[in-house]
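See structure below.
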Amino acid sequence: MDLVSAVVPAEPPAHPKDGLTEPVLRIADVVKSYAGRTVVHGVSIEISAGECFGLLGPNGAGKTTTILTACGLLGPDSGEVTLGAERLPVALAAARRQIGYVPQDIALYDDLSGRENLIFFGNLYGLRRAALRKRIDEALDFVGLGDRGKDRVGTYSGGMKRRLNIAAALLHEPAVLILDEPTVGVDPQSRNAILEGLHELRVSGIAILYTSHYMDEIERICNRIGIMDEGRILAEGTREQLMKTLGAEVERVRLSCRGDASRAAAHLTALSCVVGVEVVDGALEVAVRGAAGSLPEVLTALARDGVDVTALSVDTPDLESVFLHLTGKALRDV
Ligand SMILES: Nc1ncnc2c1ncn2[C@@H]1O[C@H](COP(=O)(O)OP(=O)(O)O)[C@@H](O)[C@H]1O
Ligand SMILES: [Mg+2]
């Protein structure tokens, strides 16, 4: 980069929805403690229009606390949050109009119909009459509740309530949508509808901050992912970038075989590419450095021992492996 382009900033985008890369939401070095215990230790996240950033971490990682500061619902001890050109909490009201927030706990009135709930939330955002009616129709259709708007929310399933909550957060057409574990306790059909809807929103240019402790959801809908544990983002990037942090990691190969697996196991251990061998229900589980390169050697050694391999599978590393690599613990176990 020459000196001129280094010092002259790029032209800022006219509007976040133009699809340019200026961040819409910027969380910078946020620290937050409760009663003297720091639970968020300097978290930074930037999200641009059309992006879905996934905050992946176990319960207690600090995801909700981070999100609450991003929405201006909780003041950070230090660090700052900016939304477009507005800095929180200085321009809180203006900034909030740019955010749609779907809380972890469903916030709806059971005695009112779906439509009446949306009227209530729409009024809070200053939407009235025809404009509000139009937005309610669109939002109900978008979450697949077009035919249930007149029914009392008390009669809805958990998944339907969650979808109505998302509709409420979209009424004022926010530039940023923040969702806190929106699929917990949701039936598979609603879950699918939610994930597909979020993909559509992202394509339409909304910036999304999505938290979950479900790796598969984050992989499915997020273009960038932050892995969070104990108040810190330990790694951040695209799925591919995160997978690269594993390097030439150890992979697990399962081999179903005919023959004396235990005797073969002892010989496999002697190979330099083999890190460990276990016999599980008569099958061999072999931990190797780089399965692609080391499998021929393993298979040759087994053949030499007169062991026939009848089936073979290699565990593909995934974000779960990245979490394990970074924290030393399994995401599903914490
Ligand atoms: N209001 C609160 N008062 C005290 N501690 C809290 C409060 N809210 C959350 N915590 C603690 O802060 C840590 C992070 O919590 P949270 O942000 O809810 O994590 P996550 O959303 O990732 O499950 C946890 O140890 C939790 O017990
Ligand atoms: Mg939470």
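These numbers come from a predicted model, not from an experiment. Just so you know, ligand 1 is whichever comes first in the structure, and atom 1 is the first atom listed for that ligand. Starting from 1, each residue takes its place in the sequence as its number.
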request  = Using a cut-off of 6.0 Å, state whether more than 12 heavy atoms not belonging to R128 lie near its atom CZ.
outcome  = yes
ask   = Near Q189 CD, under 6.0 Å, is it more than 12 heavy atoms from other residues, nucleotides or ligands?
value = no
Only pairs under 3.5 Å count here: list side-chain donor-acceptor contacts from residues 291-306, not counting sequence neighbours, and write none if there are none.
| from | atom 1 | to | atom 2 | distance (Å) |
| --- | --- | --- | --- | --- |
| S294 | OG | G290 | O | 2.8 |
| T300 | OG1 | P296 | O | 2.7 |
| D305 | OD1 | H267 | ND1 | 2.9 |
| D305 | OD2 | H267 | ND1 | 2.6 |

query = Would a distance-only check, ignoring hydrogens and angles, find a side-chain to backbone donor-acceptor pair under 3.5 Å from R163 to R191?
reply = no
message = Using a strict threshold of under 4.0 Å (side-chain N to carboxylate O), is an ion pair present between E251 and R289?
response = no
Pocket residues of ligand 1, ordered first by chain and then by residue number (heavy-atom cut-off under 4.0 Å) = Y34, R37, V39, P58, N59, G60, A61, G62, K63, T64, T65
request  = Would you mind checking if R239 and D318 are paired as a salt bridge, meaning a charged N to carboxylate O distance below 4.0 Å?
outcome  = no
request  = Could you tell me whether D308 atom CG has more than 12 heavy atoms of other residues or ligands within 6.0 Å of it?
outcome  = yes
task = Could you note down all residue pairs passing ring-ring contact (aromatic ring centres under 6.0 Å, His included) where residues 143-170 supplies at least one of them, sequence neighbours left out?
result = none
key: CA sep, side-chain torsions, deciding dist, call: L83, V176, side chain to side chain contact (heavy atoms under 4.5 Å, CB included)   = CA-CA 9 Å; L83 269 151; V176 182; 3.7 Å; yes
request  = Mind checking how many protein N/O/S atoms fall short of 2.8 Å from the Mg ion (ligand 2)?
outcome  = 2
